[in-house]
Amino acid sequence: MATYESIFILNAQIEDELEEKVVSEIRALLEKNKCNIKLELKWGKRPLAYLVKKQKEGNFYYFVWESKNGNIVDILQGKVKVTDPIIRAFHIRIDEELRLLKKRYTSGKETNIAGVLRRDGAEKEDIDVLELIYHEPTAIYLREEY
Amino acid sequence: MKRRGKKVFFYKRKKVCKLCEEKIEYIDWKDVKFLMGFIPLRSKIIPRRISGTCARHQRRLARAIKRARMAALIPFTTD
């Protein structure tokens, strides 16, 4: 099982109904391909650091999912291409990073995760590393002029 | 008093990798506040010879910054 995280930036000017429809379609596509959705978050409207498809603002959705089949990334990107409201999307395999982090965390050595020095991992072996590392983007860099 | 043929030594403070010091293992591309420390003004990534970051961390840092750029969280360039 590989873990992936993906981000979908939707056009901020579309109606709420259409937005919900697009997100539910993505969700359905993941479930149809036997993916296990671990985390689904709406970051909401955020300014973009530069223009993306002539948009200054975007609606951010963040997914973390597990899958055995790597082809799903291609399927998702195919879906993104034919869906107009999605202005940008990409997927990252975080498998290796999570594994390394977990190994380090459970070895009892000091690790800095999200700004906190942690050393107490020696006893807990079934820790959900995802919970530890996750945090929303703290600050957004704002350009005054486009 | 003049000293001939003697070299004058300057003591330079040795650069240390900030990330090693703070024991950061995983650099999150979503942590924009942290990444901003490595891309001043022109939003170009600071080279290793200036910031003193170790090779391993520089690689991870560059990857995180490039991912954040893709997500339009930080800009590619600033004028």
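Numbers restart at 1 for each chain; the letters A, B, ... are given by sequence-line order, proteins then strands. Values reported hereafter were calculated over all heavy atoms of this structure, with side chains retained and with hydrogens, waters and symmetry mates removed.
- In plain terms, the two heavy atoms of A:A49 and B:P75 that are nearest each other are CB-N, 3.5 Å.
- Residues A:L48 and B:F76 fall within the same hydrophobic cluster, defined by Ile, Leu, Val, Met, Phe, Trp and Tyr side chains chained together at heavy-atom separations under 4.5 Å.
- By the criterion of side-chain heavy atoms lying less than 4.5 angstrom apart, applied directly or through intervening Ile, Leu, Val, Met, Phe, Trp or Tyr residues, A:I87 is grouped together with B:M70 in one hydrophobic cluster.
- Residues satisfying the side chain to side chain contact (heavy atoms under 4.5 Å, CB included) criterion with B:C20, sequence neighbours excluded, are B:C17, B:C54, B:H57.
- Two different hydrophobic clusters hold A:I92 and A:I37 under the rule that ILVMFWY side chains link at heavy-atom gaps under 4.5 Å.
- A chain of hydrophobic side-chain contacts below 4.5 Å, direct or via other Ile, Leu, Val, Met, Phe, Trp or Tyr residues, connects A:V73 to A:L29.
- The backbone N or O of B:A71 sits nowhere less than 3.5 Å from a side-chain atom of A:R88 that would complete a donor-acceptor pair.
- Here the straight-line distance linking atom NZ of B:K30 with atom CZ of A:F60 works out to 12.5 Å at 0.5 Å rounding.
- Remark: side-chain polar atoms of A:Y50 are not paired, donor with acceptor, to backbone N or O of B:I74 under 3.5 angstrom.
- Below 4.5 Å, heavy atoms of chain B meet heavy atoms from A:E5, A:I7, A:I9, all part of residues 5-19 of chain A.
- For B:K15, the NZ atom counts as densely surrounded, since its 6.0 Å shell holds more than 12 non-hydrogen atoms of other residues, nucleotides or ligands.
- Among all heavy-atom pairs drawn from A:F90 and B:R67, the shortest one is CZ-O, 3.7 Å.
- Under the 4.5 Å side-chain heavy-atom criterion for grouping Ile, Leu, Val, Met, Phe, Trp and Tyr, A:Y4 is not connected to A:V64 through any hydrophobic cluster.
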